[in-house]
Student: 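Pasting a structure here, questions to come.
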Amino acid sequence: MTPQKVIQTHEQYMREAVAAAANGIRSNCGGPFGAVVVCAGQVIARACNRVVKDCDPTAHAEVNAIREACRVLGRFHLEDCELYASCEPCPMCLGAIYWARLRVVYYAATRQDAADAGFSDALIYEELAAKPEARSVKFVKHSGVEAVAVMRTWASDPNRREY
């Protein structure tokens, strides 16, 4: 007997993302954020924010869910998957979403809702728009000769695995 696909509604998937956020808070894992990744009508990954629990500033719910989905599927592209997030993804998570090539992202709370709760990412959006030398974190450009040579070596390798 083949397993049946469990296709839910967008609202049900979103409830699972919000429930992951609530569970994370109850477990003292981190902020009030949760996410699920859905592929072919099945939730294949669910995660909460684990920044505090893991002492890892990159352990956001969306990134954790993407990592788990990639592990479960055995691949690093999720172009046939959807992400449901309890809140509009931050700039870091947005980058992960694009690198994973997710098909669509559904979110509930907005970045303003997050800011009102003490999680403002406005500075990061401003910093991304600024030139490196104008950012509040000091960025210092060094010679790129050796680094560019490594990149060219990779680019000319016929056995490379592109992503």
Student: Under 4.5 Å between side-chain heavy atoms, chaining through other members, with only Ile, Leu, Val, Met, Phe, Trp and Tyr counted: pull out the rest of the cluster around Phe76, sorted by chain and number.
Tutor: Trp99, Tyr163

Student: Roughly how far, to the nearest 0.5 Å, is the CG atom of Leu78 from the CZ atom of Arg101?
Tutor: 10.5 Å

Student: List in chain and number order the residues that pass ring-ring contact (aromatic ring centres under 6.0 Å, His included) with His77, two or more places apart in sequence or in another chain; answer none if no residue qualifies.
Tutor: none

Student: Just jot down the side-chain hydrogen bond (donor to acceptor under 3.5 Å, both in side chains) partners of Ser156, sequence neighbours excluded, or say none.
Tutor: none

Student: Give every donor-acceptor pair under 3.5 Å between a side-chain atom in residues 14-37 and any protein atom, sequence neighbours left out.
Tutor:
| from | atom 1 | to | atom 2 | distance (Å) |
| --- | --- | --- | --- | --- |
| Glu16 | OE1 | Arg46 | NH2 | 2.3 |
| Glu16 | OE2 | Gln8 | NE2 | 3.2 |
| Asn23 | OD1 | Arg26 | NH2 | 2.1 |
| Asn23 | ND2 | Ala19 | O | 3.3 |
| Ser27 | OG | Asn23 | O | 3.0 |

Student: With sequence neighbours excluded, what pairs up with Ala115 under the side chain to side chain contact (heavy atoms under 4.5 Å, CB included) test?
Tutor: Gln112, Ser120

Student: With the 4.5 Å side-chain cut-off for hydrophobic clustering, are Tyr106 and Val43 part of the same group?
Tutor: yes

Student: In terms of heavy-atom contacts, does CD of Glu79 have more than 12 from other residues, nucleotides or ligands at under 6.0 Å?
Tutor: yes

Student: Could you work out, with side chain to side chain contact (heavy atoms under 4.5 Å, CB included) as the rule, every residue matching Asp113, not counting sequence neighbours?
Tutor: Ala109, Thr110

Student: Decide yes or no for Tyr98 and Leu94: does some side-chain heavy atom of the first lie under 4.5 Å from some side-chain heavy atom of the second?
Tutor: yes

Student: Minimum heavy-atom separation for Met92 to Pro57, with atom names?
Tutor: CE-O, 4.0 Å

Student: If I take atom CZ from residue Phe119 and atom SG from residue Cys87, how far apart are they, to the nearest 0.5 angstrom?
Tutor: 9.5 Å

Student: Just grab all the side chain to side chain donor-acceptor pair (under 3.5 Å) pairs involving residues 80-90, residues at least two apart or on different chains.
Tutor: His10-Tyr84, Arg75-Asp80, Glu82-Tyr84, Glu82-Arg103, Glu88-Arg111

Student: Could you work out, with salt bridge (Lys or Arg N to Asp or Glu O under 4.0 Å) as the rule, every residue matching Arg160, not counting sequence neighbours?
Tutor: Glu162

Student: List in chain and number order the residues that pass salt bridge (Lys or Arg N to Asp or Glu O under 4.0 Å) with Asp54, two or more places apart in sequence or in another chain; answer none if no residue qualifies.
Tutor: Arg50

Student: In Å, rounded to the nearest 0.5 Å, how long is the span from SG of Cys39 to CD1 of Ile44?
Tutor: 5.0 Å

Student: Is there a side-chain contact between Glu127 and Ser136, using heavy atoms and a 4.5 Å cut-off?
Tutor: yes

Student: For Val140, check side chain to side chain contact (heavy atoms under 4.5 Å, CB included) against everything at least two apart and list the hits.
Tutor: Lys138, His142

Student: Run the side chain to side chain contact (heavy atoms under 4.5 Å, CB included) test against Val105 and tell me which residues pass, sequence neighbours left out.
Tutor: Leu83, Pro89, Ile97

Student: Which atom pairs, one a donor and one an acceptor, fall under 3.5 Å between side chains of residues 64-73 and the rest of the protein, sequence neighbours left out?
Tutor:
| from | atom 1 | to | atom 2 | distance (Å) |
| --- | --- | --- | --- | --- |
| Asn64 | ND2 | Cys48 | O | 3.1 |
| Asn64 | ND2 | Ala59 | O | 3.1 |
| Asn64 | ND2 | His60 | O | 3.3 |
| Glu68 | OE1 | Arg71 | NE | 3.2 |
| Glu68 | OE2 | Arg71 | NH2 | 2.7 |

